[in-house]
Amino acid sequence: MADPFSLEDADEPDFARAPAPREGGIAARAQAAMRAGMGVPRYVEALNPEQRAAVEALDGPVLVLAGAGTGKTRVLTTRIAHIIATGRARAHEILAVTFTNKASREMKERIAALAGPVAEGMPWLGTFHAIGTKILRRHAELVGLKSGFTILDTDDQVRLLRQVIQSENIDDKRWTPRALAIQIDNWKNRGLEPSRVPAGEAEAFANGKGRHLYTLYQERLKILNAADFGDLLLEGLRLLREHPDILAEYQRRFRYILVDEYQDTNTVQYLWLRLLAQPSAERPQRNICCVGDDDQSIYGWRGADVDNILRFEKDFPGATVIRLERNYRSTGHILAAAAHLIAHNEGRLGKTLFTDGEEGEKPTVSGVWDSEEEARTIGEDIEQLQRKGQSLDEVAILVRASFQMREFEERFITLGLPYKVIGGPRFYERAEIRDALAYLRCVAQPADDLAFERIFNVPKRGLGDATLQILHDHARRQKIPLMQAARELIETEELKPRPRQIIRALMDDFARWSSQIDAKPHNELAEQILEESGYTDMWQKDRSADAAGRLENLKELVRSMEEFPDLGGFLEHISLVMDADNREAGERLSIMTLHAAKGLEFETVYLPGWEEGLFPHQRSLDEQGRAGLEEERRLAYVGITRARLRAKIYFATNRRIRGMWQTTIPSRFLDELPAAHVDVVEAPQGNYGGYGVSRFNSLDTFGSSYNTPGWQRAQKNRQKNGNDNSGFSERGQASWSNPSRRGGQTIEGELVAKSSVVSGFTKGVRVFHQKFGPGTVSAVDGNKLTVDFDKAGRKMVLESFVQAA
DNA sequence: CAAAGCTACCTTTTT
DNA sequence: GGTAGCTTTG
């Protein structure tokens, strides 16, 4: 696709004088209207006063503190449209950065809707990494790379580090590549090149070898013409620091800078932004606008520095600070609960959300006996809501840790409640996708040693470590890529006849594929490669449950290649922007972590597992102390504010932790909810073994709403049972394993589907289930199937969960 | 070279 | 308690 605002265009000498955008669309019309003295454009009129201020404050630094659900994205996109409409800058003179591809995609779409085709010409709207890559590619030589450098993902990174560690004769069991990768990432996040790593830290790894290994790794990357994710920003930063002329060029180019989710920026990102936002002769104003919410900073553990947002006014003196506090998402009680909770944090910039909308239902807090009952109670609750017309797409279960998901999944499978898990392994991280990509990389970039190593013996072709070692030695000696080494070695006697034969065949394959790069559409070539290499075959022969899914993924990969002009273009983008939103049909409720839920909203939100140790998570407290607790609290705040109409919080008295049943204490966050805005409800099943050591008796915060019958009964039970651990676990065991307590809930009785529905499956048909694998239908009832799974045995499942095998 | 056996993990995760 | 990743074994 031709880019109407190519970089070359931007380099025109007169670009500083911005002419009116030529495109149609609302923005252009609005601008015409403004010029004609017709007042405020409609898209601005539609905003509330604070939003409008944020859009119209165009000169100088601006910090927009946008609370949850206050129209943050709307402000960002409208602001961009406004900058263009008022002729302050053209689309290619605006730098707009986000964290995720999803966010940048959404922003692009919304700008397009607002301002018409102008948005397509926003070449500098993207993730930090995408923009970093773009800049880096243009000046790659200056940091020791070539413009076509490959971007390594975590997997490649680890394998490279293993080589580096081994080359130094360090025990890679004691000092694992993974640990070093984390350490190096951490340094890169903090903007530290090898020479700048604090001595103490540098010494910590492998008895003082840390800095050395980091240096070696960077050297190896340059030799491979590769960059890891951290480099995309750190090398970009180095580039700007060491080449003032280039920095000046970008400062001149970016007349306006906008940053989304500023509270999530880490140190490199911050330094990078600060450099670009510095005033210059041609742009005396620091037109940087950061949008964020300090209360939603939940990524401290991966390097995000809340201080960046807290420090904004110091960093950018004279900054305009605008607070968006009018919430359009949640009802009054939900907001009040969230606000009261987050008020317990110190070190906030301070915001209080409010709404003109209804008070709505109070968030509820329910105690349950154990995690099993928690899943059952929530499942039943969802079914009840569903009967009242609640769409499952509007229901989410937000957990603190992913291990909590399993119990819900199991429950929903037996209930036949369709669900989806958000945030599993990403598409491009799957082994089959990475293998396929490795083949393509070998063809497109014959010097890509890491890719070659990956597929060297995949599928199994009888090559082993010994052969690889010979290739490596030769390659190292001759300073040539592995594939070339292989080609040279098959002409010699160094290899044993058998491997020599196999490698020769493989090299012939690669030669054939390479010769067709320009002759064939790249997706067809990819298909051919996967066929001829025996890779597809390998999975077809694989009888394990997920083989079918993997083949499906490979098909999807080939399909997705169509969107790119050629193989090179495809590979260039793949590492940065590849995610498969599993857009399956049908209503499903969502299960995800609280982290994954940021930015989303649902009518009904379930928040299970509010217990000390799990939430707030013990590790967070141990490792980060007070800061950790505050981040956990922000996580709780994020969770509650995802809810539009209903927030339902649960805590279990007993939870299995590392296999051991343990009695737990309700989360301190429960104490921090305002009594007047929360209902404590009796668990539907009405079985109480006691709440354990409840912290609810701090009546000053919680007070009078705790006088429901259930609560009082719980109080009584608590006194009776005290804090006797053994007593609890005994009861736990008894009730857990006693079938009568399950209230005669046969699977049959709980399935939602009506028998009148005619199934597309019949008895005896072979089917495939994502979780249970292949099986044979043994009975059909409406859209309920009884299936004998090859591995998992007989289960009753909803027909929508299986496909014909 | 693949299956079985053993050990060390066990919060959150984007690019 | 479950599992991933590695080592041992056939």
Side-chain angles (χ1 to χ4, degrees), chain A residues 97-104 126-134 136 151-158 162 172-174 176-179 182 185-186 188-189 227-234 236 260-261 264-266 268-269 297-304 371 398-407 410 422-429 431 457-466 542 544 573-579 592-599 609 613-624 628 631-632 634-636 638-639 655-662:
Chain A
V97 278
T98 65
F99 276 83
T100 63
N101 290 309
K102 196 173 155 209
S104 80
T127 62
F128 274 101
H129 295 267
I131 306 249
T133 307
K134 192 162 179 169
L136 208 53
I151 298 166
L152 301 189
D153 57 31
T154 321
D155 236 62
D156 290 326
Q157 195 188 357
V158 167
R162 170 164 295 121
D172 66 355
K173 303 276 164 358
R174 173 79 183 80
T176 65
R178 199 160 292 277
I182 291 167
D185 260 1
N186 190 281
K188 287 183 175 176
N189 282 157
D228 64 20
F229 284 124
D231 282 342
L232 299 178
L233 295 166
L234 184 55
D260 191 17
E261 306 275 17
D264 287 338
T265 46
N266 62 32
V268 218
Q269 289 160 338
S297 162
I298 54 175
Y299 285 111
W301 51 274
R302 72 176 193 211
S371 50
L398 309 183
V399 298
R400 177 61 184 78
S402 42
F403 75 82
Q404 292 173 266
M405 292 180 177
R406 216 194 59 222
E407 212 145 11
E410 279 166 10
I422 310 283
R426 254 150 298 291
F427 187 66
Y428 68 88
E429 280 170 11
N457 196 32
V458 178
K460 303 258 183 281
R461 46 173 74 92
L463 297 173
D465 287 345
D542 191 307
S544 65
H573 288 266
I574 203 72
S575 43
L576 283 179
V577 282
M578 182 80 191
D579 48 5
M592 66 186 93
T593 63
L594 286 159
H595 284 91
K598 193 166 79 153
L614 177 58
F615 194 33
H617 200 281
Q618 193 57 47
R619 191 133 162 197
S620 189
L621 303 184
D622 291 347
E623 286 171 12
Q624 309 284 332
E631 186 155 309
E632 295 285 303
R634 290 193 290 268
L635 209 43
V638 166
R655 191 172 290 275
R656 197 167 28 188
I657 297 164
R658 269 171 263 157
M660 305 280 277
W661 280 98
Q662 285 193 289

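Order of the sequence lines sets the chain letters (A, B, ...), proteins ahead of strands, with each chain counted from 1.
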If you check every side-chain atom of [X], which of [options] has the closest atom?
{"X": "A:Ala401", "options": "B:dT15, B:dT11, B:dT13", "value": "B:dT11"}
{"X": "A:Thr100", "options": "B:dC1, B:dT14, B:dT11", "value": "B:dT14"}
{"X": "A:Arg400", "options": "B:dT13, B:dT15, B:dT12", "value": "B:dT12"}
{"X": "A:Lys460", "options": "B:dC1, B:dT13, B:dT11", "value": "B:dC1"}

When you compare the side chain of [Y] with that of [X], does any pair of heavy atoms fall below 4.5 Å?
{"X": "A:Leu635", "Y": "A:Phe615", "value": "yes"}
{"X": "A:Phe229", "Y": "A:Gln157", "value": "no"}
{"X": "A:Ile657", "Y": "A:Gln618", "value": "no"}

Spacing between [X] atom [atom1] and [N] atom [atom2], to the nearest angstrom:
{"X": "A:Leu614", "N": "B:dT12", "atom1": "CG", "atom2": "P", "value": "10 Å"}
{"X": "A:Met405", "N": "B:dT12", "atom1": "CE", "atom2": "P", "value": "8 Å"}
{"X": "A:Arg655", "N": "B:dC10", "atom1": "CZ", "atom2": "C1'", "value": "15 Å"}
{"X": "A:Asp264", "N": "B:dT14", "atom1": "CG", "atom2": "C1'", "value": "10 Å"}
{"X": "A:Leu594", "N": "B:dT14", "atom1": "CG", "atom2": "P", "value": "14 Å"}
{"X": "A:Leu621", "N": "B:dT12", "atom1": "CG", "atom2": "P", "value": "16 Å"}
{"X": "A:Met592", "N": "B:dT14", "atom1": "CE", "atom2": "P", "value": "13 Å"}
{"X": "A:Phe403", "N": "B:dT13", "atom1": "CZ", "atom2": "P", "value": "13 Å"}

May A:Trp301 be described as stacking on the base of B:dT12, applying a 5.5 Å centroid limit and a 30° limit on plane angle?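 Here A:Trp301 meets both the 5.5 Å and the 30° conditions.
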Under 5.5 Å between ring centres and under 30° between planes: does that hold for A:His595 against the base of B:dT12?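 A:His595 vs B:dT12: stacking no.
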Base, sugar-phosphate, or nothing: which does A:Gln269 touch, judged by heavy atoms less than 4.0 Å apart?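 No contact at all - A:Gln269 keeps every heavy atom at 4.0 Å or more from the nucleic acid.
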Should A:Asn101 be listed as having a side-chain N or O under 4.0 Å from OP1 or OP2 of B:dT14?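 Checking A:Asn101 against B:dT14: no side-chain N or O falls below 4.0 Å of OP1 or OP2.
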Quick one: is A:Thr127 getting a side-chain N or O under 4.0 Å of the B:dT14 phosphate, OP1 or OP2?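 Indeed not, no polar side-chain atom of A:Thr127 lies that close.
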Take A:Asn457 and A:Glu631, find for each the nucleotide of DNA chain B with the closest heavy atom, and name the residue whose nucleotide sits nearer the 5' end.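 Comparing both residues, the 5'-ward one is A:Asn457.
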Nucleotide N/O to protein N/O under 3.5 Å, stretch nucleotides 2-10 of chain C:
from	atom 1	to	atom 2	distance (Å)
C:dT7	OP1	A:Lys173	NZ	3.4

Tell me which nucleotide, if any, is Watson-Crick or G-U wobble paired with B:dT12 when both distances must be under 3.5 Å.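 Answer to the pairing question: none, since B:dT12 forms no Watson-Crick or G-U pair.
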What is the minimum heavy-atom distance between A:Glu631 and A:Ser297, and which atoms define it?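 Closest pair (atom of A:Glu631, atom of A:Ser297, distance): CG-O, 3.8 Å.
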For the residue pair A:Leu614 and A:Gly609, what are the closest heavy atoms and their distance?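 Reported closest heavy-atom pair: CD2-O, 3.5 Å.
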Using side chain to side chain contact (heavy atoms under 4.5 Å, CB included), reason through A:Thr593 and A:Gln404 one step at a time and then give a plain yes or no. CA-CA 9 Å; A:Thr593 63; A:Gln404 292 173 266; over 6 Å; no
Kindly assign one of parallel, tilted or perpendicular to the pair A:Tyr299 and A:His595, based on the angle between their ring planes and the thresholds 30° and 60°.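 Taking A:His595 first and then A:Tyr299, their aromatic rings sit tilted (interplane angle of 30° to 60°).
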Syn/anti label of B:dT11 as read from its glycosidic torsion, with the cut at 90° from 0: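 Syn, angle within 90° of zero.
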Rounded to the nearest 0.5 Å, what separates atom NE2 in A:His129 from atom CD1 in A:Ile151?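 If I round to the nearest 0.5 Å, the distance is 10.0 Å.
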For atom P, what is the distance between C:dG5 and B:dT12, given to the nearest Å?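 Taking atom P in both C:dG5 and B:dT12, they lie 15 Å apart.
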